[in-house]
Number of protein chains: 2
Amino acid sequence: MSTGPEGSANRVPTLTDVAKLAGVSVATASKAINGRDEVRAATRKRVLEAAELLSFAPNALARGLLRGRTGTVGLLTSDLEGRFSIPILMGAEDAFGAGQVSVFLCDARGDAIRERYHVRALLSRRVDGLIVVGSRTDARPPLAGSIPVPVVYAYAPSANPDDISITVDNVGGGRLAVEHLLSCGRRNIAHITGEVGFQAARDRADGAEAALADAGLSMLGGKPYYGSWDETWGRAAARIVLEQHPGVDAVFCGSDQIARGVLETLRDLGRDVPGGISVIGFDNWEAVAAHSRPRLTSIDMNLERLGAAAGRHLFAAIDGDAPPTSEQFPGRVVMRDSTAPVH
Amino acid sequence: MSTGPEGSANRVPTLTDVAKLAGVSVATASKAINGRDEVRAATRKRVLEAAELLSFAPNALARGLLRGRTGTVGLLTSDLEGRFSIPILMGAEDAFGAGQVSVFLCDARGDAIRERYHVRALLSRRVDGLIVVGSRTDARPPLAGSIPVPVVYAYAPSANPDDISITVDNVGGGRLAVEHLLSCGRRNIAHITGEVGFQAARDRADGAEAALADAGLSMLGGKPYYGSWDETWGRAAARIVLEQHPGVDAVFCGSDQIARGVLETLRDLGRDVPGGISVIGFDNWEAVAAHSRPRLTSIDMNLERLGAAAGRHLFAAIDGDAPPTSEQFPGRVVMRDSTAPVH
DNA sequence: TACGGCGCTGAAAGCCTTTTCGGCTGGTTT
DNA sequence: AAACCAGCCGAAAAGGCTTTCAGCGCCGTA
């Protein structure tokens with residue numbers, strides 16, 4: 001145990017100790033420490049020195065009890081392993097960071113029972129608000145029971161449109177990807193993506209189709225190639241697409257992993273990327289996109305900014321500021337080497 | 001804001017409310033709810049029903065204030081993005097999970113100032129203990145200042161041997177990898193790994209060398225090929241190794257990403273894996289290892305178990321149980337297709 | 001019948017801080 | 001010189017809970 005000097009009354013110092021040492025009352029000590037102006041400069045200095053000497057840290061529990069505000073927030077996620085929770089979590093932490101807010105992290109593992117349990121515990125700890133992060137973009141049932149604090153849903157929206165949900169604009173993302181390919185001069189575009197059961201897959205496909213329609217085009221094969229989110233599917237699907245549509249000159253992939261698989265097949269077949277065929281991924285997962293051959297252009301959904309927005313919205317709701325509404329975040333194209341700008 | 005029925009005295013119910021509704025004193029209500037035996041069964045029932053009706057949740061702040069135990073723990077990590085913090089975090093949450101502990105998550109971003117700031121805040125919230133998770137296995141300076149609660153260091157050990165550190169046995173992991181290759185009948189083994197500045201790289205290399213020495217062998221080239229942790233280096237290094245040691249029949253890689261690069265080069269060159277050359281990675285990063293061609297055998301360091309152990313050790317320290325000591329976790333081989341069992 | 005003892009309940013103190021408000025001091029105004 | 005004011009400071013209450021201890025009614029026993 002890395003406790004301090006064991007002999008010296010091993011107890012966390014309280015305001016009373018500080019006051020005693022400084023020779024003032026606790027009330028004065030409190031005011032001095034909290035920077036209130038009803039205290040003489042000299043007195044404040046004495047108190048501050050005493051506090052420093054004892055390395056006093058005010059008891060946030062007592063403070064929270066009194067003020068009815070704890071300065072804590074619960075972050076309820078469904079899959080920590082996923083790549084989506086973490087950036088959001090970081091963004092949220094940033095949004096709070098500078099201030100006085102600490103974050104309770106709970107992983108419900110996608111289990112409703114466990115989720116309820118965690119919510120109970122968090123409410124018991126009197127968090128000022130809750131952020132609920134999903135692992136898929138499909139709408140999720142809102143938190144069960146009536147929650148006495150503001151709740152913001154991030155990434156996965158709440159099924160209740162009255163709730164505040166901060167989400168990613170997957171339709172826009174799909175559109176962005178296709179528009180980028182079009183701007184590279186491509187016309188024969190196929191879309192290989194993940195499981196059709198995912199809203200994200202369907203939304204991205206919708207965006208892609210819309211962008212193509214705007215250009216008077218349509219997807220090769222008339223619809224997306226749905227499969228799974230991994231490289232293995234990407235490799236297989238690429239073969240299928242090449243066979244069915246030898247004239248394909250661009251592939252929009254629903255994930256970076258799929259794109260990676262596509263790139264591998266193209267390489268196996270000696271196809272020139274991006275000369276003959278352009279490939280664009282989705283998610284901008286650095287570890288995957290930055291080391292493929294060629295390096296993969298991808299759509300980044302700015303998850304960290306999304307997390308930060310969730311944090312800000314929660315704040316606003318807590319403070320009862322402006323009626324915070326839902327928000328949808330656009331993505332951006334991160335150019336690497338698998339797509340070539342128009343010559 | 002998803003608050004409950006706004007009209008009904010919109011205030012979180014307190015024990016007093018419950019007591020009033022049940023027609024008993026707060027003292028009795030407290031005892032009834034906490035399952036103490038100084039209360040008649042009928043009375044307890046009344047209280048419990050009242051609590052249920054109001055959906056009363058005891059105020060953990062008040063309780064913590066009184067008992068001097070908050071049931072909270074601070075988890076201080078240095079890089080959330082990294083793949084190492086998360087499993088540890090989940091393991092720790094599991095270790096606490098069943099019980100009454102909530103976890104404050106703080107990301108210091110590898111910055112000492114920010115770390116100090118977070119520690120201050122956590123102590124102010126009167127956490128019962130701290131887990132410090134590093135992003136590399138290099139020893140880190142212990143937390144600054146005297147910390148009045150137990151601290152457990154996970155993944156990255158504290159430089160102070162008196163502290164409790166739960167770490168991964170990288171030397172053992174390197175040994176494991178080589179022993180596996182030897183058991184596959186390989187004798188000409190090269191080691192391609194990451195930056196020499198990482199203790200993890202050096203440790204794994206040491207383990208590998210020791211295992212080879214035990215078998216009367218040594219590494220091809222006499223020492224590891226140090227570089228960086230990514231695929232690009234893996235691809236380049238594989239070419240170098242093949243050129244310098246045409247007889248190489250196995251490569252132990254310091255990371256799955258390096259291994260992935262090695263596999264790609266071998267594939268480009270038409271070499272047979274695992275027939276002609278075996279490849280083994282390190283970290284067992286599912287996303288990378290499970291979709292390479294062939295699928296990659298790797299060393300898994302059981303980070304989740306490590307996290308759980310950190311949680312348990314922290315508990316023990318908090319409860320003042322057995323003097324908790326440091327611990328080192330072994331890894332295990334996860335067989336896939338890039339190494340073949342001996343025929 | 002009187003009394004000891006048992007089982008249950010409630011009043012009150014305490015945990016640590018913030019905030020209100022009354023009181024004290026010393027200087028200024030009439 | 002009396003009244004007043006500003007500036008500081010301290011006593012006390014509040015916030016929700018647990019725990020101790022005294023008290024009450026009731027049963028069994030002498």
Side-chain angles (χ1 to χ4, degrees), chain A residues 9-48 50-51 54-72 100 121 123-128 148, chain B residues 9 11-48 50-51 54-72 100 120-121 123-128 148:
Chain A
N10 201 24
R11 198 175 50 81
V12 184
T14 80
L15 191 57
T16 312
D17 301 327
V18 176
K20 209 166 286 172
L21 184 58
V24 299
S25 74
V26 287
T28 306
S30 170
K31 290 173 207 156
I33 287 177
N34 293 351
R36 309 192 35 133
D37 51 359
E38 309 149 303
V39 57
R40 201 168 29 170
T43 312
R44 183 189 308 279
K45 185 153 170 290
R46 272 214 322 285
V47 173
L48 258 27
L54 300 175
S55 64
F56 165 80
N59 185 325
L61 274 67
R63 182 180 278 173
L65 185 56
L66 193 57
R67 297 216 289 219
R69 271 280 195 100
T70 55
T72 59
Q100 326 293 354
L123 291 180
S124 179
R125 297 199 185 282
R126 297 296 185 267
V127 293
D128 295 333
Chain B
R11 199 174 49 82
V12 184
T14 78
L15 191 56
T16 312
D17 302 326
V18 175
K20 209 166 286 172
L21 183 58
V24 298
S25 74
V26 286
T28 305
S30 170
K31 290 172 204 157
I33 287 178
N34 293 351
R36 311 195 31 136
D37 51 359
E38 311 147 304
V39 57
R40 201 168 29 172
T43 311
R44 182 188 309 278
K45 185 152 171 290
R46 273 214 322 286
V47 173
L48 257 28
L54 299 175
S55 65
F56 165 78
N59 186 324
L61 273 67
R63 185 180 271 170
L65 187 55
L66 193 56
R67 296 216 289 221
R69 271 279 195 100
T70 56
T72 59
Q100 326 294 354
R120 258 191 103 78
L123 291 180
S124 179
R125 298 200 185 280
R126 297 296 186 265
V127 293
D128 295 333

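Convention: sequence-line order gives letters A, B, ...; per-chain numbering from 1. Computed over heavy atoms, backbone and side chain alike; hydrogens, waters and symmetry mates excluded.
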* Asked: What does B:Ser30 touch in the nucleic acid at a heavy-atom separation under 4.0 angstrom: a base, only the sugar-phosphate, or nothing?
  -> base
* How is B:Arg36 classified with respect to the nucleic acid when contacts are heavy atoms under 4.0 Å: base, sugar-phosphate, or nothing? -> sugar-phosphate
Would you mind reading off the distance between [X] atom [atom1] and [N] atom [atom2], rounded to a whole angstrom?
X: B:Arg67; N: D:dT20; atom1: CZ; atom2: P; answer: 12 Å
X: A:Lys20; N: C:dC16; atom1: NZ; atom2: C1'; answer: 13 Å
X: B:Arg125; N: C:dC16; atom1: CZ; atom2: P; answer: 18 Å
X: A:Leu65; N: C:dC15; atom1: CG; atom2: C1'; answer: 9 Å
X: B:Arg11; N: D:dG15; atom1: CZ; atom2: P; answer: 9 Å

* Start with the C-alpha distance between A:Leu21 and A:Leu54, add both sets of side-chain angles, then the distance that settles side chain to side chain contact (heavy atoms under 4.5 Å, CB included), and finish with yes or no. => CA-CA 9 Å; A:Leu21 184 58; A:Leu54 300 175; 4.0 Å; yes
* Test side chain to side chain contact (heavy atoms under 4.5 Å, CB included) on A:Ile33 and A:Leu15 and set out the steps. => CA-CA 10 Å; A:Ile33 287 177; A:Leu15 191 57; 3.9 Å; yes
Among the candidates [options], find the nucleotide nearest to the side-chain atoms of [X].
X: B:Asn59; options: D:dT19, D:dG16, D:dC9; value: D:dG16
X: A:Lys31; options: C:dT9, D:dG10, D:dC17; value: D:dG10
X: A:Thr43; options: C:dG10, D:dC17, D:dC8; value: D:dC8
X: A:Ala27; options: C:dG10, D:dA11, D:dG15; value: D:dA11

* Asked: How do B:Leu66 and A:Arg63 order along DNA chain C: which one's closest nucleotide is nearer the 5' end?
  -> B:Leu66
* Could you walk me through whether B:Asp17 and B:Phe56 pass side chain to side chain contact (heavy atoms under 4.5 Å, CB included), step by step? => CA-CA 9 Å; B:Asp17 302 326; B:Phe56 165 78; over 6 Å; no
* Is the CZ atom of A:Arg69 crowded by more than 12 outside heavy atoms at less than 6.0 Å? -> yes
